[in-house]
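Have a look at the structure below before the remarks.
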Amino acid sequence: MAQGATIAPGLTSFLKSLKTTPVDPSVEHFTSLLKRRQIRSSRPCAIATVALLLRVVIEFKGKDAAKLMERIRQVGRRMISAQPRELVVGNMVRRVLGLVREVVDENADVETNAASDNAHSHHDSLTRPNLNSSISNFSPLKHVATEPTDSNLSQSEHMSDSGELYRRPSLLTSHTSYAPTSNALMVHSLFGLFSQPETPSTSSTPTGHQSPDRKGMLTSLNLERLANLSMSNTTIDLRAEVMDGIKELQDELEQSDELIAANALDHIHSNEIILTHTASTTVQKFLLAAARKRKFTVVHAETYPHDHTATHGILLTGKKRESHQDDEDDVWKPLTAAGIQVVVIPDSHVFAIMSRVSKVILATHTVLANGGLVAAAGARMIAKAAKDHQTPVVVVSGVYKLSPVYPFDIEELIEYGDAGKTVPYEDGDFVEKVDVENPLYDYVPADLVDLYITNLGGHAPSYLYRIVADHYRTEDITL
Amino acid sequence: MPPKGKRGHANDKPKSGEDERDEPLQAVILADPFETRFSPFTLERPRCLLPLANTPLIEYTFEFLASAGVEEVFVYCGAHREQVEDYINRSKWVSRSSPFAKLELIQSTSNSIGDAMRDLDSRGLLIGDFIMVYGDVVSNLPLESALAAHRARRTKDKNAIMTMVLRAAGTSHRTKARSVNPVFVIDPSKDRCLHFEQMPNKDGSNFLSIDSELLSSNQELDVRQDLIDAGIDICTPDVLALWSDNFDFQAPRKGFLHSVLKDYELNGKTIHTHIVTDHYAARVRNLHAYDAVSKDITSRWAYPLCPDSNLIQGQSYRLQKGNIYKEDGVILARDCVINSKTVIGRGTSIGEKSVISNSIIGRNCYIGRGVTIDGAYIWDHASIADGTTVKRAIVANEASLGKKCIVEPGALISYGVIIKDGVTVRGESRITRAKRRRENGEDLDEGKSDPEVVGEGGGGFEFHDSDEDDEDEVVDGLVHRQPMYNLSHHNLSNESISTLNSDSEADFQVSHHTPSSSFLSTTSQDSDHAANFDHDATGSIYDSLVEGHETANIQLELTALRMSTNASDHQVRRAIIVSFVKRLSQLVKSGTSVKDAVVQVFKQHKDLIERSIFDKNTSVKSDQVDFLLLLQTELTHRENGNMILVSVATKLIELDVIGDDGLMQWWDSPKSSEGEDMRKVKEKTRQLVDFLNQSSEEESEDDDEEDSD
């Protein structure tokens, strides 16, 4: 009997309403859903944010890129302030901003080809001295990890010599991580070579034109171009190009799980005992992909009290019980149906069983630029236990969860939930006299993690700053 | 019966299925629960706008409804409507981004919940099932399952008219209502509520009387008093109809629920419960609950309704370890101490060596040096000077406390009160600057400051509810005499009792019990039911008279009551008389002349009397005589009883409700001359009788034999 009217608002209803409502009310709608936690956790947040930004772009009248960016930024700020702990929202806003910049740069390239000589010489004189200082920027002490330079700008400059043909493909790969399974193009730096020995992508050759030595801090030039563009350019269809970019981003969100799962066979071997936690879609798909070829055992910590119902659901039926959005990818065969033995344990047994576990696979809420991660409460305990037993810890996460934020104040990142989940509210005396804290997330420092597997492949924690730099533009780090 | 039920079911299902898609989920917020629990704060502000953890109460209600997916909301305002309206119009709930497709304010003159419900019914705004909540509910309950259960029940049985959402809460709980214990008797197999009672009941005893039939007809019974009743009801429009049918219902639980369950045989309606064991639901029904719910919110029991969710636009609370919430722009001295469970709003500055714990402090407050604040609620723009101690008290907006004051637990300091240096505010005091609005009809009157309370040169005085409505005093007096926090023996009635209800009840006791000693004894003793009838019918007719309901409605109501309690005609007449006379004397007291009052009451509702008299065509007018006797008896202890009797009798003759012969028979009946009082009242009517004698003699000789006896 419960139909349309009774369904509580959530991602599905938001996406539905998005089609018909203008942007500003939709932003309000989204922020209130975020505040009420009716849209929560990374993937729904990311999907909603990107869908909303797509609307922003569609509704944007006018051709001024600077104005469009300002608009996106303004909308983004509202969304982020609604729920600052959902870092994914900020990530998506930055990605879209990056897209706009990219389109602008690309067109600026065409337009200012003539001026490029001038720019080029300028660029030469500027880049060299910048290099040293920019290296120090890699230090995690900086609040946000940024690539020292505006890679896209310098890239386009570099390419103004080599011509249009050359830059098209690289554009795609460097700014949206949606890419066919080939990882060859992903690795942009020599750093990657040394820091990720396990991944298949090591085989790829770093593409020379992106080595750090040609970066230049040419933001001023960039701004100039923006200004130029807004005045002169009417030929390009800014909106259409940005929309294409956003659609690619949506595809990335959609396919990141599959891309991650494609790595499964490299990491999960026969007869291994894998320990994991929470009802993460990404992890389940990852394990299922491996289960097609190999037989192994999964030990699942139930993550009481936040996620245990969903965990039980996902293991028994393949469906998170609590999710009312009927995404088609919410339903799949449970692991046991694939012939995998699954053992559910309470979180307290993790340490006891760790000695027999050969690999820990963690799902995550957000990955931070320093290689640490914010994951469901209990993750740190698991990671610590694994460290004690020298068990490798693998974190699977889409690149969209990767945030350019450094964990200065860990408390800021961790959300505290309903105290009633840990202690029954019925217990009046207890409620009256005891303060109950119930953190929803744990911060797991980078040194407890051995490997990240994203839709781009495997990376060492120390390498993540590079991926951050590839995906987020310096100018957009602070919104 | 079964085939019929089945057919109804079959017809119903597709229809309701279609309807539901079109019908938006509606909700009614009773923003004014018609009570004075929050005096003196509610003198100047509507209750639903009082800040709870620095967010107006009604925001929580809206959040709750929005998260339940409600689309149309009707806000029922009472006092301070302009403020509520103003607030809502500026809020996000009316903007285009509002989750509500429709948000309507309803203003009415009603002064009880019962009246509000009847008014709602007459407006016909609610088409399908709707959620009824108060403007002070704080809850994060997902209503989906409750709604689904309600609908499932409803398709099966049309008479399942209401589902109450209740939260289990153990035997003792701070958020539960302290003084009154609502007890629900539930059939767990059907989740049906069979009986409801509040303890202690009227006479202060902790008894629960359960109908023996309930015990014999149900295999299982749950008697539960461990439930937090947050006043969240899922209702069908039938509920409103039921309210309308019963004019005497005032309070939703004690009145409506209790009676509907009691009269199950009569109306066949069932009311169900939906008991949840997780999530949060509570009502800020009094100051004690205010305290408890505030604590729940800061300790994140009501998550995600926490300060750091920043429900209102422009809030920027952040959570720090130990449940400390601070907004941006808080100025803290280097060595002030902020302990756990504290909320501090923007622009507040706290001086050196001050210690704040378990408190909620609003925006732009000034807190001096060496101040100790523990468990207190300081609202916006308040200022507290150096060295003052405030414990477990409320300091409202713009109030200012001087240096080295001591505010004892339980004190309430209302808007703009100025307390001078060194004053000790006692725990039970409620200091205000405003006098009640109703007294002079216009803007708030600033009362004269009482230097004994606030110190020389201060502003404010001890709050006394000087209103002429006695019943208010009862409630207020209780708050007044007892410190707000030591509420374990706090004796507030749980549900709001409207002014009218308690008024009529009190009056009724006088008017009913007195005759029952002198008069009822002459008739056969009535059954239990019948005694109920007297009470119910009188109350309901009186209310209807006051509210000016249609005669036909009153008649309907009366008939229903008569049928249900199997009351005699005599009782009906008595009920009519008692209520009419009460209304009459009230009108007279308020300045209407006796004549006008009689016209107003009796002429308008003459049908009612006519329908209670069945001897028009017989020669012995026993009913008419009975009627007049009752009237006479009733008037013996009223002021100007004799005057009223004359005018009433004249009017009745004029209206042809009572025939000449009826009057004569009464005049001559021995009962009418029994006792001093009766004779006194009767005396004045002699003129009328004489006049009638004359006129009838003149008119016709035929009537002689009837007239003279």
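All heavy atoms count here, side chains included; hydrogens, waters and symmetry mates do not. Order of the sequence lines sets the chain letters (A, B, ...), proteins ahead of strands, with each chain counted from 1.
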> Is B:Arg318 atom CZ crowded by more than 12 heavy atoms from other residues, nucleotides or ligands, each under 6.0 Å away?
Replying inline: no

> Pick from A:Ser26, A:Gly417, A:Gly428: which one has the most heavy-atom pairs with chain B under 4.5 Å?
Replying inline: A:Gly417

Nearest 0.5 Å, please: how far is [atom2] in [Y] from [atom1] in [X]?
| X | Y | atom1 | atom2 | result |
| --- | --- | --- | --- | --- |
| B:Leu319 | A:Glu412 | CG | CD | 9.0 Å |
| B:Ser299 | A:Tyr425 | OG | OH | 9.5 Å |
| A:Arg37 | B:Tyr303 | CZ | OH | 4.0 Å |
| A:Glu415 | B:Cys306 | CD | SG | 8.5 Å |

Salt bridge between [X] and [Y], side-chain N to carboxylate O under 4.0 Å?
| X | Y | value |
| --- | --- | --- |
| B:Lys92 | A:Glu28 | no |
| A:Glu437 | B:Arg300 | no |
| B:Lys295 | A:Asp435 | no |
| B:Glu63 | A:Lys35 | no |

>> Please evaluate residues B:Trp301 and A:Lys421 with respect to the criterion side-chain contact (heavy atoms from CB on, under 4.5 Å), reporting the C-alpha separation (whole Å), side-chain torsions for both, the decisive distance (0.1 Å), and the verdict.
In response: CA-CA 9 Å; B:Trp301 292 98; A:Lys421 290 226 172 172; over 6 Å; no

Considering only heavy atoms, which portion of [X] lies under 4.5 Å from any heavy atom of chain A: side chain, backbone, both, or neither?
| X | answer |
| --- | --- |
| B:Ala292 | neither |
| B:Leu311 | backbone |
| B:Thr277 | both |
| B:Pro99 | side chain |

Quick one: are [X] and [Y] in side-chain contact, heavy atoms under 4.5 Å?
| X | Y | value |
| --- | --- | --- |
| B:Gln313 | A:Ser32 | no |
| A:Arg85 | B:Asp308 | yes |
| A:Gln38 | B:Ser67 | yes |

Checking [X] against chain B: side chain, backbone, both or neither under 4.5 Å from a heavy atom?
| X | result |
| --- | --- |
| A:Gln83 | neither |
| A:Val423 | both |
| A:Pro22 | side chain |

>> Is it the case that the side chain of A:Glu432 and the backbone of B:His173 share a donor-acceptor pair, with hydrogens and angles ignored and the cut-off at 3.5 Å?
In response: no

>> Which one wins on heavy-atom pair count under 4.5 Å against chain A: B:Asn140, B:Asn323, B:Asp296?
In response: B:Asp296

